Structures are given as C-alpha cells and as structure tokens.
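Everything numeric in this text was worked out from a predicted model, so none of it was measured.
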Amino acid sequence: MPTLNSILNNVFGSSNERKLKKFQSQVIEINQLETVYEKLSDEGLKNKTIEFRSRIQSGEGLESILNEAFAVVREAGKRTLGQRHFDVQLLGGLVLNQGDISEMKTGEGKTLVATLPVYLNALEGKGVHVVTVNDYLAKRDSEWMGQIYNFLGMTVGTITSDLDEEEKRKSYKADITYGTNNEFGFDYLRDNMKYNIDQLVQRGHHFAIVDEVDSILIDEARTPLVISGQVDDKSELYNKIDKIIPRILGNHIDIDEKSKNVTLTDEGNDFLDELLVTEKLMEKDSSIYDMENVSLVHHINQALKAHKIFNKDSDYLVKDNQVIIIDEFTGRMMEGRRFSDGLHQALEAKERVMIQPENRTMASITFQNYFRLYNKLSGMTGTASTESEEFLDIYNLDVISIPSNIKISRKDQDDEIYRTVEEKYSAIIESIIECNKKGQPVLVGTTSIEKSEKISQNLVPETLEDNIEIVGKNFVSLLYTNNTIPLFNGSKFYDCSNFLKFIKLKGYKFDNSSNDTNFLFGKINKLEVCMDTNSPPPDTHARHYQAGCLSFELSYNGTKVIANTGSAKNFSKDLSYLAQSTAAHSCLTINDTSSCLFQKN
C-alpha cells in the first residue's frame, strides 16, 4: 500500500527534485546565451570580466550577472580545455553558488563544475578559496582549471607547505587560491600570532568551496590544528610515571574510548596517593589534587591515555626510535606531527624510545570552527546525503543531489555484514582471488597496519599469480599481473625480503624475453621469504650487506650448483656468472632460498 509520502512525491516530486526545479529556468537562459558568446573573439570574451567587475562596482549584485558569467565560463572552458559544461554541471555550479553542497557521482566533473561559482564570486575582488585534500590536487587543479581563469584575465595562486611567507602572501592576493584544508588552517593560526597586520598572509575569508566536503567538514571536523612551542625537559618525570602505570588496576580507572579519555575512580585516587608517596614523587600527607601536584596529575592522565587508550600499530607506530602518529582516516604515517599536551612524550616513555621535549600549545583551532569563519561556504562530494542533517545543523548547508549526465551503468552493491571477523576476512580473500583470476589489480583498504598484514598473510599463495606487497601503512596491493618481473636490473637491486614480505610463492614463472643479460629471470619452485629489518637504503651497495644467505640449491640445464655463503656479495656474483653464461630465453631454477639480494656486479 503506497504511503502518504510516496503519494506526495509522485504528485509534487521529491524534496531534491523541487530544489533542482527552481534552477531550470536559469539553465535554459545560460544555454540561450551560448550562441551569443560563441561569436565573441578571445579578446571580446576576456573583456567580459572587465565589464562584470565594472557593473559590480556600480552596485549591481552577483545574481544579476550570474547567468552571463556562467555562460562566459562555459565558453572559456570550450576554448581552453576543449570541455563544455553539461547542463547537470550548470546545476551543480548553481547549487555551489547559493552556498550549499552539490552531491555529484564520481566522474561527473566536480572540478570543472567549481569553475562556474569560483569565477562569479572572484569578480568581487575579495578572493575565493578552493579547498582540496592534498597538495597534489591543489597544484593539479590550479594549473588545469587555471587555464580558464587566466584566459578570462584572472589570477590564480596555490598554497603548499613548501612556500615561504612572501610566496604565500602573493598566492592569497590572487583572485582565486587553491590549497589544502591543513594549509589554510595553519596559515590562519600563524597570522593570529603576528604582531603587525602587514605580516599577515591571508586577506580574509570571503568564499570557499570545499572538495570532498564530507571528509573535511564531518570526518575531520573536530580535528584540532595546533601550533606548539617547546617547554622545559621533563623526560625523567615521564619515565618515573610510566613505571607505576602498570600497577594501576581496572577498578582504579574509568575508560571512555569514544572520547579517548581515562579518569581515576575514588579507589584509584586513594591508591595513587599512597603509591606516589611510596615512590617519592609526592610529599607525605598530601593529595594528587593539591595545587602543587597539578603537574603530576597531568602527567599521570597522559600516561594512562598512552597505556589504556592508544594502541601500537593502530594509533601510532615506532620507527627509527621515534613514535610516529598514524592518521586515523588514511592510515598513513604523519611524520613530523606530534600529539600535544605531553601525550606524545608519554607514548615515547611507554615504548622506551628517546623522549623529545614537550610542546606548549601556542594556537589551536578545529576545521569546524575555521570554515565557519567564511562569509559564504559551499562544498562538493560524491557522498554527502548520509550526513545531510549534520551539514544543516552545524554549517547550515543543504545537500542537493545532482543527477548524472547519462545513466550510470555501474552497479552500486549494498554493504555486506558478517557475524564474525573470521567470516569477513574469508569473504575478502575470496573476493580478491576472484578478481585476480580476472586479471584485475586489487587495492584493499583497512583501518590499521595490523589488519593489512592479517589479510596479506591469509591470502592463499597457491591461488594467486601476483606478488603481494604492503603499500604505505594500511593498504595491500596486488601487482604485476603480467607474471613477469626482473630480479635485478643493472646497478639497481631488489631485496626479496621487503619485496615479497610475508609471502610464500610456489611455481612462479619468470621468462627472459628481452635478450638482455642485465636481467636475471628464473622459475622459482620454492621461495621462503621472511621479514628482514636490516635491509640497506636504496643507495647502499649490495657488497656491504650481509644478507644471511646460508644455503642455496641452484640448477642450470639440469646440473645442480650449490652455493654456500653468508654474504649477499658472493651469492650475487654466482648469479651474475650464471646470467652471463645463459643464452636468452633460458631458465634458471632456484629451489630454495631465503631473504637475499640480487645484483649484477
């Protein structure tokens, strides 16, 4: 039986359809202007920018020139990029211009859509910011779409982390500025620490379009941007506190995993009072909440978080005697970033690595508060409907879904939910094997390094034709679908232990089809590969590396060659000799090996 809501939708259309309907007349008018602007010369089209700015200075509003401006951008796009804005892209631009979120499917050309409202709002001369998620996209989009803006007489700037203040100031003075959410936020914080207005790099917050708006304004909304300064070294105190944390029991604390916070119970307070006195960290007959012990409480709270909330290889990892944060959204290492308020030092004490000086917060702001500074804010993404209520409540942004230009043939399947983790992993493995059989490369994203390694270890080697490699921090990638790979090439070398990490392959075929003796290929009947933590950097010569290769059984044209050595250098020479004496297309078989380098000397 049809519901009242479905009946109303059939009569009046859905809420989204009604919102789009009001733009239809503007799309028609923009299309009618297309034939007019096609007749203009390049110079004539460029002069429209001067005309629009003059009209705005005379008191005319943006809405009165909107249709003309959009038509000019469309024509400029055809002449510079060879790309014409489709009608659905005009709809997306109209949504962005009114300060809402344009939800468009992947591949519908959101980057091109943004040029419409960006150009229109840049005519006011107050600057427009286009926010991307990384430096690469900021550079790419500014250069790519910059062709349209430059053609129409506008300036374009790009903000990246490697620019100095003068270069950033110049970029912010441009009509249109591309950059990442992090750079815009940190530049704002640095400006707030300046003593002279002439030292500021930003010139205000007029209008911003945020790409991947759900990721930046929802997922990372509460992520604080922090600028810190060093304070006195307290590494000894961190180590002393760290030693007593294991003695604190479950009944002494309350853990709130959602807010990542640990608080002491009444029983825990009494226990700590006695323990700190015993360890001579606090005076007798005093309490941890006495004024003179405030700093001590802070150190204890941070140490409790480090031990009870933050997990190694999930929230952080230890590399080169340093604690490195793992981005909770991307799984990538955030080298150079540190937790504030002594938490990073507490983690360093926990992991027994060198404790770096503590930092004091000098300036801080969340992405949520930063982007609410803009007079006008809009965004675009392929997935915003699920967070539509949050966008409306927090930012007063409405989410409007834009139809695709042509009917989408892709099938978007529903999510699958499993009762146990084992069942889920089993299904993932089956899916990977199925894709592999079709010759499809597979990229598997997980939320932690541990899960990535678990999936890679669970893959059944006998059923895969590809190598498996840990990529970054939380991705497993299947590579080399053509089944051919050189073991060494000229002066370059490959460390099998890192290249085929945790993998056991059987029957992997190598074929030399290049007639080049610089390449060594062979059929590996059995290759046992272990994790090798002593592999040299890429510029280190193999002869200086002891690989621990103790025994190898090689066969060439049916004749076995035994190589007993503890040095990668000698074994490398043996392989080189065999490679040089081997005719093209012949086969070298390695029956048993573990963790070695291959390099031609």
Side-chain angles (χ1 to χ4, degrees), residues 30 33 37 40 42-77 80 93-100 111-132 138 141-159 163 165-179 183-185 187-188 191 194 196-211 370-379:
I30 294 168
L33 289 170
Y37 291 133
L40 293 178
D42 289 353
E43 191 65 26
L45 198 62
K46 184 175 181 178
N47 287 336
K48 296 299 291 185
T49 300
I50 300 174
E51 177 193 326
F52 292 151
R53 281 177 166 163
S54 177
R55 288 164 61 180
I56 291 172
Q57 290 173 0
S58 299
E60 202 168 337
L62 290 181
E63 291 301 316
S64 64
I65 63 172
L66 186 151
N67 296 339
E68 297 174 72
F70 275 36
V72 165
V73 174
R74 172 189 263 180
E75 184 60 29
T80 56
L94 291 167
V95 169
L96 291 174
N97 182 65
Q98 75 171 12
D100 283 322
T111 305
L112 186 64
V113 167
T115 59
L116 299 163
V118 165
Y119 172 77
L120 175 65
N121 288 269
L123 292 170
E124 292 184 299
K126 298 178 182 178
V128 174
H129 296 168
V130 183
V131 185
T132 64
D141 293 353
S142 64
E143 293 172 2
W144 187 17
M145 298 298 112
Q147 297 176 66
I148 294 177
Y149 305 130
N150 292 330
F151 178 82
L152 294 173
M154 287 194 166
T155 56
V156 183
T158 309
I159 301 297
L163 300 182
E165 284 202 351
E166 190 54 42
E167 290 172 322
K168 284 189 175 183
R169 193 174 292 111
K170 181 180 178 181
S171 292
Y172 278 115
K173 285 182 179 179
D175 296 311
I176 301 146
T177 306
Y178 283 80
E183 288 306 313
F184 282 120
D187 285 342
Y188 171 76
D191 275 357
K194 303 287 177 57
N196 193 318
I197 195 170
D198 295 330
Q199 297 176 325
L200 305 184
V201 296
Q202 293 187 343
R203 57 172 176 144
H205 301 85
H206 174 54
F207 176 46
I209 295 179
V210 182
D211 192 14
Y370 172 73
F371 283 106
R372 291 171 70 178
L373 295 171
Y374 283 89
N375 299 325
K376 185 176 178 181
L377 179 66
S378 61

Asks: Who pairs with F52 by ring pair (Phe, Tyr, Trp, His ring centres under 6.0 Å), at least two apart in sequence or on another chain?
Replies: none
Asks: Under the side chain to side chain donor-acceptor pair (under 3.5 Å) test, which residues partner K170, sequence neighbours left out?
Replies: none
Asks: Kindly write out the residues that satisfy side-chain contact (heavy atoms from CB on, under 4.5 Å) with A76, not counting sequence neighbours, or none if the list is empty.
Replies: L45, I148, F151, L152
Asks: Name all residues meeting the salt bridge (charged side-chain N to carboxylate O under 4.0 Å, His left out) criterion together with R372; count only those two or more places apart in sequence or in a different chain, and write none if there are none.
Replies: none
Asks: Taking 4.0 angstrom as the limit, do E68 and R55 come out as a salt bridge?
Replies: yes
Asks: Partners of Q57 by side-chain contact (heavy atoms from CB on, under 4.5 Å), sequence neighbours excluded?
Replies: none
Asks: Taking only residues two or more places apart in sequence, or in another chain, which ones meet D211 in a side-chain contact (heavy atoms from CB on, under 4.5 Å)?
Replies: K110, M380
Asks: Flag the pair E43 / N47 as yes when at least one side-chain heavy-atom distance between them is below 4.5 Å, and no otherwise.
Replies: yes
Asks: Going by salt bridge (charged side-chain N to carboxylate O under 4.0 Å, His left out), name the residues that satisfy it together with K46, two or more places apart in sequence or in a different chain.
Replies: none
Asks: The criterion is side chain to side chain donor-acceptor pair (under 3.5 Å); which residues satisfy it with T49, sequence neighbours excluded?
Replies: Y119
Asks: If you measure from CD1 on I176 to CE on M145, what distance do you get to the nearest 0.5 Å?
Replies: 11.5 Å
Asks: Throw together a table of side-chain donor-acceptor distances under 3.5 angstrom for residues 203-210, partners on residues two or more places apart or in other chains.
Replies:
{"from": "R203", "atom 1": "NE", "to": "Y172", "atom 2": "O", "distance (Å)": "2.9"}
{"from": "R203", "atom 1": "NH1", "to": "G125", "atom 2": "O", "distance (Å)": "3.1"}
{"from": "R203", "atom 1": "NH2", "to": "A174", "atom 2": "O", "distance (Å)": "3.0"}
{"from": "H205", "atom 1": "NE2", "to": "Q202", "atom 2": "OE1", "distance (Å)": "3.0"}
{"from": "H205", "atom 1": "NE2", "to": "Y370", "atom 2": "OH", "distance (Å)": "3.4"}
{"from": "H206", "atom 1": "NE2", "to": "E124", "atom 2": "OE1", "distance (Å)": "2.7"}

Asks: Please identify each residue that fulfils side-chain contact (heavy atoms from CB on, under 4.5 Å) with N150, with sequence neighbours left out.
Replies: V156
Asks: With a 4.5 Å heavy-atom cut-off, do L40 and K48 have their side chains touching?
Replies: yes
Asks: Can you list everything that forms a side chain to side chain donor-acceptor pair (under 3.5 Å) with S58? Sequence neighbours excluded, please.
Replies: none
Asks: Can you find a pair of side-chain heavy atoms, one from K194 and one from D191, that are under 4.5 Å apart?
Replies: yes
Asks: Could you tell me whether the side chain of V130 reaches within less than 4.5 Å of the side chain of D141, counting heavy atoms only?
Replies: no
Asks: Going by the rule side chain to side chain donor-acceptor pair (under 3.5 Å), which residues pair with S378 if we only count those two or more places apart in sequence or in a different chain?
Replies: none
